[in-house]
There are 2 protein chains.
Amino acid sequence: MKIQHTPTPTLVIEHAEAIPGYTYGTAEAAASPLTMEDLERLKAVVGLTEEDERALRDAAGILADQADDMVSAYRRRLGELPFMRPYSGHPDGTPNPEYGAASKPRFDRFIIDACTRPLDEDWLNYQQEIGLRHTRAKKNATDHADSLDHIPMRYLLAFTAEVIASARGYLAAKGASPEQVDRMHAAFTRSVMLHVTVWTRSYADAAEW
Amino acid sequence: MKIQHTPTPTLVIEHAEAIPGYTYGTAEAAASPLTMEDLERLKAVVGLTEEDERALRDAAGILADQADDMVSAYRRRLGELPFMRPYSGHPDGTPNPEYGAASKPRFDRFIIDACTRPLDEDWLNYQQEIGLRHTRAKKNATDHADSLDHIPMRYLLAFTAEVIASARGYLAAKGASPEQVDRMHAAFTRSVMLHVTVWTRSYADAAEW
């Protein structure tokens, strides 16, 4: 497959405003405590370069119509673990299909956003919002759910391994060369770690974080 | 290359006792606050299976004599970032070669341990020790260094992307098939995230973590 570079991934940004609770770029999103300099430093440590950003745009074209499957696979994996069920279902671990359906488009959307969104103040603010939605500050509020009100940070971090490791198969699924897959997978790894790192701001004291 | 499965990686565990400050399996290591059940849950979320543990033993054979180069490369990357230098050098960012030399064998050793060590109470305790050595609790103490006394959690997490992404090249460097490299890389990703996740226990309140 010849990968087309897509500098303006309009195909995947359209309809975003139709996702309930997806407040990216709006005043409803939280205000990030981070500065653009903080972000530049994190980008440097995570190793995200302009070349990676190009690779991410290529990845977006490959992942766009697989994001729904990816998130469904993540949820199947987590659903196999009884101790994880109360974070997405009801507190007793029974399923809550309404909550799952309400939050899924935003999770799908994260896959695409991680490949396409410019790293600017809107990005910082929405990552802060996502972080808060994993913790007592805002968990359940967006979808009026009754799941446990805090996802322990250790599970957020641990599951990142599944997101990163499983991405390779999806990136390879449409005929890109092994070199192209390597390049996209490394860039996706850096992007996901950047996102998750920023989400953890809601879990730790500023002096520790 | 035909990979030999090495169930007992004695080649890489010998001489460990000769590394100053490497207190793995001794009473000098910290006591982990985690139980074996906590660890089993983290293994499940990170997705580390017995098949991954076999892949990690294969990876150990490939990475053993590259660990020194890998850690040197990490340090070159970090050394390019002026704001990171005070965590490994002197507080003003000037180099501290003695500290670097003292801590390096332990960092090299981590690469091998991440592929070979059984996940048991000794493992839990030494991961707790490593976590503490990144924070005000124990940073600098082992090597009597004067670097900044706390590595912010965000940089620890962000740099994990470099460790994971760069591992692929090292795993592929000795002629394993792409399928073998995929398998080892996924397992290494899960193992590294498990380690780093446990290290973050030193950064957050138990109720958040």
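Labels below follow one simple rule: chain letters A, B, ... track the order of the sequence lines, proteins then strands, and each chain is numbered from 1.
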J.: Out of B:Val196, B:Ile164, B:Asp182, return the one with the most heavy atom pairs under 4.5 angstrom to chain A.
T.: B:Asp182
J.: Is there a side-chain contact between A:Phe188 and A:Leu63 in this structure, where contact means two heavy atoms from C-beta onward sitting under 4.5 Å apart?
T.: yes
J.: Name the member of B:Arg154, B:Glu80, B:Met193, B:Lys43 that forms the most heavy-atom pairs with chain A at distances under 4.5 Å.
T.: B:Arg154
J.: Donor-acceptor pair, distance only, cut-off 3.5 Å: does the side chain of B:His90 make one with the backbone of B:Ser147?
T.: no
J.: Heavy-atom distance under 4.5 Å to chain B: side chain of A:Arg190, backbone, both or neither?
T.: both
J.: Please look at B:Arg168 and chain A and tell me whether the side chain, the backbone, both or neither of the residue comes under 4.5 angstrom of a heavy atom of that chain.
T.: side chain
J.: Tell me if a side-chain donor or acceptor on B:Gln127 pairs with a main-chain N or O of B:Val198 at a distance below 3.5 Å.
T.: no
J.: Apply side-chain hydrogen bond (donor to acceptor under 3.5 Å, both in side chains) to the pair A:Asp69 and A:Tyr74, showing each step before the final yes or no.
T.: CA-CA 9 Å; A:Asp69 290 343; A:Tyr74 304 156; over 6 Å; no
J.: Is it the side chain or the backbone of A:Arg77 that comes within 4.5 Å of chain B heavy atoms, both, or neither?
T.: side chain
J.: Is any side-chain heavy atom of B:Arg106 less than 4.5 Å from a side-chain heavy atom of B:Asp143?
T.: yes
J.: Could you tell me whether the side chains of B:Ser103 and B:Arg75 share a donor-acceptor contact shorter than 3.5 Å?
T.: yes
J.: Is A:Leu81 close to chain B through its backbone or its side chain, or both, or neither, when contacts mean heavy atoms under 4.5 Å?
T.: side chain
J.: Give, as side chain, backbone, both or neither, the part of A:Ala187 having an atom under 4.5 angstrom from any heavy atom of chain B.
T.: neither
J.: Looking at A:His150, A:Arg136, A:His185, which has the largest count of heavy-atom pairs under 4.5 Å with chain B?
T.: A:His150
